[in-house]
Every structure is written in C-alpha cells, then in structure tokens.
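Everything on this sheet refers to the single structure shown next.
Counting convention: from 1, in listed order, for ligands and their atoms alike. Values below: every heavy atom of this structure, side chains too, minus hydrogens, waters and symmetry copies.
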Amino acid sequence: MRGVNTFETFKAIIGRVADGARKPDAVLATGDLVQDETRQGYERFRDAMQELNVPVHCIPGNHDSPRIMAEILNKPPFQFCGSAIYENWCIIMLNTAVRWDDGGRLETNQLEILERALKAHPEHHTLIGMHHHPIPIGSQWLDELGLRNSDECLEIIDQHAQVKAVVWGHVHQSSDRDRNGVRMISTPSTGPQFLPDSDTFMMDTRPPGYRWLNLLPDGSIETELVWLS
Ligand SMILES: [Fe+2]
C-alpha cells in the first residue's frame, strides 16, 4: 500500500510482540486484514498469527471478504465476530462490513447480537470492537466512510452502563476520546497511517503501529501505543 509492504510490517509487529517481555492474552484484529479477497491471504494471516499462540478475535473491514474470512478464521484460536468472556470482561466483536461500500453498517442481526450479549452479561465490563468508527474522527473524507447507522449502535450502548469502550480500526490513526463515560478508541494500522485532521486523503509519516489494551478488574482501561521504529 503506497510503497509499504503491509505483510512485512504486519509480520514485523507480530515478531515484536512475540519477542517482547509482555505477552498478550488475546488479539483483537479490527478488520481490513486482507485486500485481495483470496484464501491465501487469510491463510497467511492465520499462519503468521499462530506464532502468538493466543485467541485472535477477527472482524471484517471494507476491504475483507467476510465469507472467506469466516471460513478460515473461525476455528480456535481464531474467532470470527461474536462475543467472548475474559474474567469479568466481555468482548463483543461486530461485523460492520457492507458489500460495495467503504462505509459501514450494523445490520439488524448485528444490532441483535450486541443487545443480546449486553443483556446476557450485565455484570461484565464490556469492550465492543468494530471496523468502522461510530463517532466522527475529524477528517471529512473518512467521516463520509464511517458507521452509517451509528445512532442505532450508540442508542443501545447508552442503555447499558457496563460498556466501557468501543475500539475500531479503519481510520489508520490513533485516537482516544470520551463519550458519555465510554472510551472511544481507534488504533493505528499495522501498515501506513492516514494524516489526522485532514479533510482530504493524505498519508501520514508515522510508522506502522499497534495498541495494547489492559482491561482492569474495576472496569477501567490502560492503553499504550507502540510504533514500529
Ligand atoms: Fe477500512
């Protein structure tokens, strides 16, 4: 992508996590994992990820093929969408991908999955993952490609106090905001980044990156960005 070999930068990040002192309990892969809609692309992602030997929660983005992804990335340690419990936290991963649209949408079945999971685990602090941003990021061109029915999603979130954070990819930049007591967090790409606050498409000079999320027992979240230097 734009002169960056995204498979190489992705593998470099996996290597860095694998070699680091701190081990993750799980990985949230927030979409746009493969762009060419091939089985081989997802098999390469799967094979590279297996090095970490932890659960990998996968959701599709606008560039993915949800059908192929669900076939290849839905056998442990991989999970395609849906929810998972880690101690007193519930992770809910939603599919916002829409065919032929770079913007996203939570179809009725995804809104139902969200609501059902929240009702099933009211005592669990909850983190929701999706590919598209449910609030404006501040760049006009990206905000035209966000979650198109974010109002429906936010209305459900507003009714469930256990939701502590929403995390997404798509925007190739870091952000961390508060909305009614819920952390709204975007994560940089493992490839190239987009320039924040730019109304038109502009690449950033920041390197590939990823984000640690430390989900604490009291419902708070510590988070840290790592840039590949
Ligand atoms: Fe995307």
Does any pair with a residue in residues 18-30 pass salt bridge (charged side-chain N to carboxylate O under 4.0 Å, His left out), and if so which ones, sequence neighbours excluded? Arg22-Glu224
Within 45° cone and under 6.0 Å: Arg44 NZ/CZ vs Phe7 ring: yes
If I only include protein atoms of type N, O or S, how many are less than 2.8 Å from the Fe ion (ligand 1)? 4
My understanding is that only residues two or more places apart in sequence, or in another chain, count here; which of them pass side chain to side chain donor-acceptor pair (under 3.5 Å) with Asp102? Asn62
Salt bridge (charged side-chain N to carboxylate O under 4.0 Å, His left out) contacts in which one or both residues fall within residues 176-195, not counting sequence neighbours: Asp158-Arg179, Asp176-Arg183
Given the side-chain rings of Tyr86 and His57, with only the six-membered ring counted for Trp, is the space between their centroids under 6.0 Å? yes
Using side-chain heavy atoms (C-beta onward) and a distance below 4.5 Å, is Pro196 in contact with Arg206? yes
